[in-house]
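Take a look at the structure set out below.
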Amino acid sequence: MTLEETLKQNTIAIFKSEFDADISADAVTLNITKKEHVGDYTIVVFPLIKFSKKSPEQTAEILGNKLKENSGIVGSFNVIKGFLNLSFTDAFWQTRLKDIAGNKNYGTFAANKRKVVLEYCGPNTNKPLHIGHLRNMLLGFSMSEILKANGYDVTKVNIYNDRGIAICKSMVAYKRYGKGATPQSTGIKGDHFVGDWYVKFNEVANEEIKALPNAPADKDEAQKATSIFKEAHEMLLKWEAGDPETIRDWKQMNDWVYEGFNETFKLLGVDFQKDYHESETYKLGKDIIDEGLAKKVFYKRADGAVAVDLTPDGLDEKVLLRGDGTAIYITQDLGTAQLRHEEFNMEKMIYVVANEQDYHFKVLKLALQKLGKKWADGIFHLSYALVESPTGRFKSREGKTADADDLISEVLRIAEEKTKELGKIEGFTEDEANVLYKTIGLGALKYFVLRVNPYKKIIFNPEESIDFHGHTGPFIQYTHARIRAILRKADPANLADFKNLETLVAVERELIIQLGEYENAVLAAAEKYDPSEVANYVYNLARTYNKFYHECPVLTAATEGEKKFRIALSNQTGIMISKSMKLLGIDVPEKM
RNA sequence: GACCCGGUAGCUCAGCUGGAUAGAGCAACAGUUUUCUAAACUGUCGGUCACUGGUUCGAAUCCAGUCCGGGUCACCA
């Protein structure tokens, strides 16, 4: 039972015995006491006076006395208006630290056998990953770690949009102008190589449009009139017909892209247990359409398209299958969801996809629910807002700042530069130094993205955003390195062993309170699908530790007892920082 | 036009299932190192929580309306 639960249970029991009132745990408002008041935790009694039928002060007074008598952990209390400030005994806090330190699995909840499939990344194979994918991947990976810590059985999957006109555009440009070049021969990373041919396609098409006698004003329409587009379209038809040569070229193109993607995945530390390819799933979903028609949930319109009426749900009529019987985006997503249900029988199906697609996922979930599929209740769209530059949305054609690989190498470069500036790599081998640059650079980048609530847009200024001071990843990493530096000099056998001290310093108590909040952060992050809960938690923990570090000497503490206690406290803080950061997919260094 | 999501300090963000005097970081300014790592710590400066009204003992938080920004309302993905 957590500390909060203990207090709430006690309060419920006291209300029963003292006021003969049945209150729920939700009615008990429990906060950490604001630092300008004396106390550790505060119960707000205003909501409880209707049960006690006494004034706020009287109610708080009675509750405080009884908690002190019964709970065994409340040392003293004070009442200010309707606020009951509880102080726990220093002995209690030290026991609490021992409990936490003694439990290797503290903050990791037992496996609950509940299956989750988490889809993230979802790139197109005709261009490299951009900053949006970066937010997506970091969120997806972190969310998976958080769910695992909550006991879920998580399977991470990726879906590649590997077919359609876009990849054909790259293929045509390559066939026309590539002269047999390869990523190997040019030294260009595979996904960039293919992306460059996509750019080339657009350049050629634009040239053609300029020469067109009466080009349509609409850009897309104009492009369709070009010979290079017609070539790409023909290629798409050949692909769909299964033409061997086209399929072979297409595979080659995609393989180059996957090589490139895999490099980035590896560098970022993200992974997938299963890949889906649209080329294999795009025909799925027809069965569901038939099922919907049979159940009369879907209907065939006069023009032959199959649709579902979602107006009762506040949405619109939505077409699910083209009039010519071919699939669209939603068709295959319906099919893929069904497929995954059959494969995994999961309880939750999480899609990490940008908020542009909020409407799409509402339709997906509703349509499946209307078919009576109970498992569709477990569909959750983890919607996140776009990453924007200070001047607005990043456009792939405006400069290279939005490219994920460029961004990563830039942040690694900065990490190297700053680390050298500070002279922090004395005694490091070259390999160790490179690992450190990576740890710090990626730490800065990942933390920058994950500390923000997913549904809020991120304003990213390439020049200024990635910082290493203050509320940042490196600050937290640095705190860890400091702790490790102390522990290297301490007796490694007894890191968690100490005898209770008479009294604690305020910041020591505060630190133990925060160590005890880890579980809450892990729970909240899963419940809200929000890694920033963990990011903000670990920042506060690191901040408190740095305060402690300045106020309280550890190795040179006044007494041996104090020293042992502070070593244990430092050790546990280091563990919680490391665990928290791991939930964010961020490594912490031993030295920096 | 309808619907969805945002709007909190100069900037980037917490707080939002209602609770005490709205918190951090950056930036600016002033300090702290013969002591375990100064990527740190301490202090100062900085607020009409977009606006108006309502609900209540109490509103940044809930409700209604307005304004601003973004997104969606495709037989594109």
Report the distance from atom NE2 of A:H130 to atom P of B:rA77, rounded to the nearest whole Å. 17 Å
Using a 4.0 Å heavy-atom cut-off across all strands, classify A:P56 as base, sugar-phosphate, or nothing. nothing
Hey, is A:F475 doing a stacking thing with B:rA39, by the 5.5 Å centroid and 30° angle criteria? no
Reckon A:H469 has a side-chain N or O less than 4.0 Å from the OP1 or OP2 of B:rA40? yes
Establish, with yes or no, whether the OP1 or OP2 oxygen of B:rA24 is under 4.0 angstrom from a side-chain nitrogen or oxygen of A:K35. yes
Can you see whether A:Y437 engages A:E417 through a side-chain donor-acceptor pair at a distance of less than 3.5 angstrom? no
Which residue lies toward the 5' end of RNA chain B, A:P454 or A:Q332, if each is placed at its nearest nucleotide? A:P454
Contact class for A:H471 vs. all strands (heavy atom < 4.0 Å): base, sugar-phosphate, or nothing? sugar-phosphate
Using whole Å, report how far NE2 of A:H360 lies from C1' of B:rA74. 13 Å
With sugar-phosphate meaning primed atoms plus P, OP1 and OP2, does A:N85 contact a base, only sugar-phosphate, or nothing at under 4.0 Å between heavy atoms? base
On RNA chain B, more 5' by nearest nucleotide between A:N453 and A:I80 is A:N453
Please check if the number of heavy atoms outside A:E527 that lie under 6.0 Å from its CD is greater than 12. no
What I want to check is whether an N or O donor and acceptor connect the side chain of A:K547 with the base of B:rU42 at under 3.5 Å. no
Check the distance between B:rA74's P and A:L315's CG and give it to me in whole angstrom. 11 Å
Is the shortest side-chain N/O distance from A:R451 to OP1 or OP2 of B:rG25 below 4.0 Å? no
Is the backbone of A:K547 close enough, under 3.5 Å, to the side chain of A:H550 for a donor and an acceptor to pair up by distance? no
Stacking between B:rG19 and A:F83, yes or no? Criterion: centroid separation under 5.5 angstrom, plane angle under 30 degrees. no
For a stem of at least 3 consecutive Watson-Crick or G-U pairs with distances under 3.5 Å, i pairing with j, i+1 with j-1 and so on, which stems involve RNA chain B? B:1-7 with B:67-73, B:10-13 with B:23-26, B:28-32 with B:40-44, B:50-54 with B:62-66
Given atom CZ of A:F548 and atom P of B:rC36, what is their separation to the nearest angstrom? 15 Å
Are A:E432 and A:K591 ion-paired here, with the side-chain N under 4.0 Å from a carboxylate O? no
B:rC16 versus B:rC68 - spacing of their P atoms, nearest Å: 29 Å
B:rA20 OP1/OP2 closer than 4.0 Å to side-chain N/O of A:K34: yes
Atom pairs, protein N/O to nucleotides 5-7 of chain B N/O, distance under 3.5 Å:
unit_1, atom_1, unit_2, atom_2, d
B:rG7, OP1, A:K456, NZ, 2.9

So, A:E388 side chain and A:K457 main chain: donor-acceptor pair closer than 3.5 Å or not? no
Once hydrogens and angles are ignored, does a donor-acceptor distance under 3.5 Å link the base of B:rA39 to the side chain of A:D467? no
Identify whether any heavy atom of A:E421 sits under 4.0 Å from a base atom; if not, whether one sits that close to sugar-phosphate; answer base, sugar-phosphate or nothing. nothing
Same-atom distance (C1') from B:rG7 to B:rC49, integer angstrom: 10 Å
Under 6.0 Å between the ring centres of A:Y282 and A:H277? no
Whole-Å distance, A:N536 CG to B:rG25 C1', equals 11 Å
Distance-only donor-acceptor test (3.5 Å): side chain A:T472, base B:rA39: no
Does the B:rA20 base have a donor-acceptor partner in the side chain of A:H37 within less than 3.5 Å? yes
What is the distance, rounded to the nearest whole Å, between atom CG of A:L442 and atom P of B:rA39? 21 Å
Report yes or no: is there a donor-acceptor pair, N or O only, under 3.5 Å between the side chain of A:T419 and the base of B:rA39? yes
Does a salt bridge link A:E4 with A:K8, judged by any charged N lying under 4.0 Å from a carboxylate O? no
Taking only side-chain N and O atoms of A:Y478, does any of them lie within less than 4.0 angstrom of OP1 or OP2 on B:rA39? yes
Does the distance from a Lys or Arg side-chain N to an Asp or Glu carboxylate O, for A:K564 and A:E560, drop under 4.0 Å? no
State whether A:K362 places a side-chain N or O below 4.0 Å from either non-bridging phosphate oxygen (OP1 or OP2) of B:rC4. no
Give a yes or no on whether the ring-centroid distance for A:F475 and A:Y478 is below 6.0 angstrom. no
From CD of A:E551 across to P of B:rU35 the rounded distance in Å is 19 Å
Do A:F380 and A:Y529 have ring centroids that are under 6.0 Å from one another? yes
Centroid separation A:Y351 to A:Y120 less than 6.0 Å: no
Regarding A:Y549, tell me which of base, sugar-phosphate or nothing describes its non-hydrogen contacts under 4.0 Å with the strands shown. base
Rounded to whole angstrom units, what separation is found between the CG atom of A:N546 and the C1' atom of B:rA40? 6 Å
Can you tell me if NZ on A:K54 sees more than 12 non-hydrogen neighbours from other groups inside 6.0 Å? no
Which is true for A:Q357 with a 4.0 Å heavy-atom rule: it touches a base, it touches only sugar-phosphate, or it touches nothing? base
Give A:V554 one of three labels, base, sugar-phosphate or nothing, depending on what nucleic acid heavy atoms sit under 4.0 Å from its own. base
